[in-house]
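Read the structure below first, then the notes.
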Protein chains: 2
Amino acid sequence: MSYTDIGKETGLSTSAAQQRVRRLEQRGAIKGYHARVAPEAIGLELTAFISIKPFEPNQPDDHPERLREIDEIVSCYSVAGDANYLLKVQVANTAALEVLLARIRAVGGVSTQSTIVLSTPYEDRPPAI
Amino acid sequence: MSYTDIGKETGLSTSAAQQRVRRLEQRGAIKGYHARVAPEAIGLELTAFISIKPFEPNQPDDHPERLREIDEIVSCYSVAGDANYLLKVQVANTAALEVLLARIRAVGGVSTQSTIVLSTPYEDRPPAI
DNA sequence: TCTGAAATTGTTTGTGG
DNA sequence: CCACAAACAATTTCAGA
């Protein structure tokens with residue numbers, strides 16, 4: 001959608017719409033723009049959530065950084081509860097998940113608990129304003 | 001990024017770049033385009049994951065549709081494991097989460113188990129190609 | 001599937017309120 | 001924070017390969 005269109009929808013001129021968006025970007029309210037790619041379209045048929053817990057409770061807690069190099073991890077959340085982190089991963093199949101789990105355990109020094117996603121009725125819906 | 005820029009990066013003409021993107025869109029490989037909005041910027045300070053399980057195992061399984069009306073639910077995953085669905089929600093604070101949980105239980109006829117997100121080191125990283 | 005060119009449309013920047 | 005206008009840049013469409 002163009003600034004011209006945004007202007008029409010909001011009853012503003014093109015340049016006013018552009019200025020508003022620029023302000024939202026500068027404040028950090030808009031973090032970026034992205035194309036939503038269908039994972040199946042690039043061979044990633046399997047999505048899973050993985051909870052991780054360190055084996056040794058008093059280790060340095062730099063798991064997010066250590067795990068960042070693993071491309072299959074699309075999201076990393078630090079959580080309160082039984083686990084320390086919750087990861088969302090995308091892989092080709094269960095064999096690839098098995099390999100990935102071993103890698104996560106090795107890199108992170110953690111135990112894992114996986115939840116396979118069967119389907120995604122909806123995801124990343126825009127917040128209601 | 002413009003088609004002209006994509007063309008430069010891929011060594012294609014503007015119209016060839018545009019045609020390729022159009023094809024990806026038509027095949028469904030690109031599902032759409034979105035601005036990433038910082039939830040805190042609109043007063044949503046608390047993110048949580050909620051696992052839900054029906055009280056009565058042999059109920060009609062239309063939870064995603066029944067829960068769709070709840071705007072605080074940003075994502076809904078059908079999962080294999082202890083729970084039936086995993087929801088990602090965004091609310092203002094713990095009080096709002098409490099209200100939301102009651103609503104989810106009522107609408108869904110389900111029990112809930114919540115995991116609060118403390119921070120998000122990264123989210124929705126692009127898949128490595 | 002790609003290139004190249006022409007017509008249309010959108011963006012950017014400055015001036016001014 | 002907005003409108004308007006002029007200069008600039010991107011998009012769209014089409015012919016040809």
Side-chain angles (χ1 to χ4, degrees), chain A residues 1-47 68 71-72 74-75 89-93 95-96 119-129, chain B residues 1-47 68 71-75 89-93 95-96 119-120 122-129:
Chain A
M1 189 184 291
S2 67
Y3 293 125
T4 307
D5 291 337
I6 294 171
K8 275 177 193 159
E9 291 202 6
T10 56
L12 293 170
S13 67
T14 298
S15 52
Q18 190 189 24
Q19 283 169 31
R20 275 202 189 179
V21 172
R22 199 201 309 281
R23 270 176 246 130
L24 290 169
E25 290 166 349
Q26 284 173 348
R27 283 179 205 161
I30 294 176
K31 291 161 142 187
Y33 302 90
H34 304 273
R36 181 176 307 258
V37 176
E40 320 81 56
I42 50 175
L44 301 175
E45 301 282 347
L46 213 175
T47 300
R68 185 168 242 137
D71 293 325
E72 288 88 345
V74 297
S75 301
V89 305
Q90 262 165 0
V91 290
N93 47 43
S119 70
T120 303
Y122 37 88
E123 189 170 29
D124 296 335
R125 295 199 299 176
I129 309 172
Chain B
M1 188 183 291
S2 67
Y3 293 123
T4 307
D5 291 337
I6 294 171
K8 276 177 191 158
E9 293 203 4
T10 56
L12 292 171
S13 67
T14 298
S15 50
Q18 189 191 25
Q19 285 167 27
R20 276 203 189 178
V21 172
R22 199 200 307 281
R23 268 176 248 133
L24 290 169
E25 290 166 349
Q26 284 173 348
R27 284 180 205 160
I30 294 176
K31 290 161 142 185
Y33 302 90
H34 304 273
R36 182 176 305 259
V37 177
E40 321 81 56
I42 51 176
L44 300 175
E45 302 282 348
L46 211 174
T47 299
R68 184 167 243 136
D71 292 325
E72 288 88 345
I73 301 176
V74 297
S75 300
V89 305
Q90 263 166 357
V91 291
N93 47 43
S119 70
T120 302
Y122 37 88
E123 190 170 28
D124 295 337
R125 295 199 299 175
I129 309 173

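Proteins get letters first, then strands, A, B, ... in listed order; numbering begins at 1 in each.
Each of A/M1 and B/A17 has a nearest nucleotide on DNA chain C; the 5'-most of these lies closest to B/A17.
What you find for B/L46 and B/N93 is that their closest heavy atoms are CD1-C, 3.3 Å. Residues B/Y3 and B/T14 share a closest heavy-atom pair of CB-CG2, 4.0 Å. Taking every heavy atom of both residues into account, A/R125 and B/R68 meet most closely at NH1-O, 2.7 Å. Closest of all the heavy-atom pairs between B/S75 and A/D124 is OG-N, 2.9 Å. Considering all non-hydrogen atoms of both residues, B/A17 and B/I6 come closest at CB-CG2, 4.0 Å. Closest approach of A/A92 and A/E45 over heavy atoms only: O-CB, 3.4 Å.
Protein chain A contacts DNA chain C from C/dG10 to C/dT13, reading 5' to 3' and using non-hydrogen atoms of the protein with a distance under 4.0 Å.
Between A/R20 and D/dA3, a side-chain N or O to OP1/OP2 separation shorter than 4.0 Å is absent. The phosphate of D/dT11 (OP1 or OP2) has a side-chain N or O of B/T4 nearer than 4.0 angstrom.
Atom CD of B/Q18 and atom C1' of D/dA9 are 14 Å apart (whole Å). Between the OH atom of B/Y3 and the P atom of D/dT13 there is a distance of 11 Å, rounded to whole Å. The interatomic distance linking A/R22 (CZ) with D/dC2 (P) rounds to 13 Å, in whole Å.
Contacts of B/A16 with the nucleic acid, taken as non-hydrogen atoms under 4.0 Å apart, include base atoms. Among the atoms of the strands shown, only primed sugar atoms or phosphate atoms (P, OP1, OP2) are found under 4.0 Å from some heavy atom of A/S2.
Of the candidates D/dA3, D/dT13, D/dA10, the closest approach to any side-chain atom of A/Q19 belongs to D/dA3.
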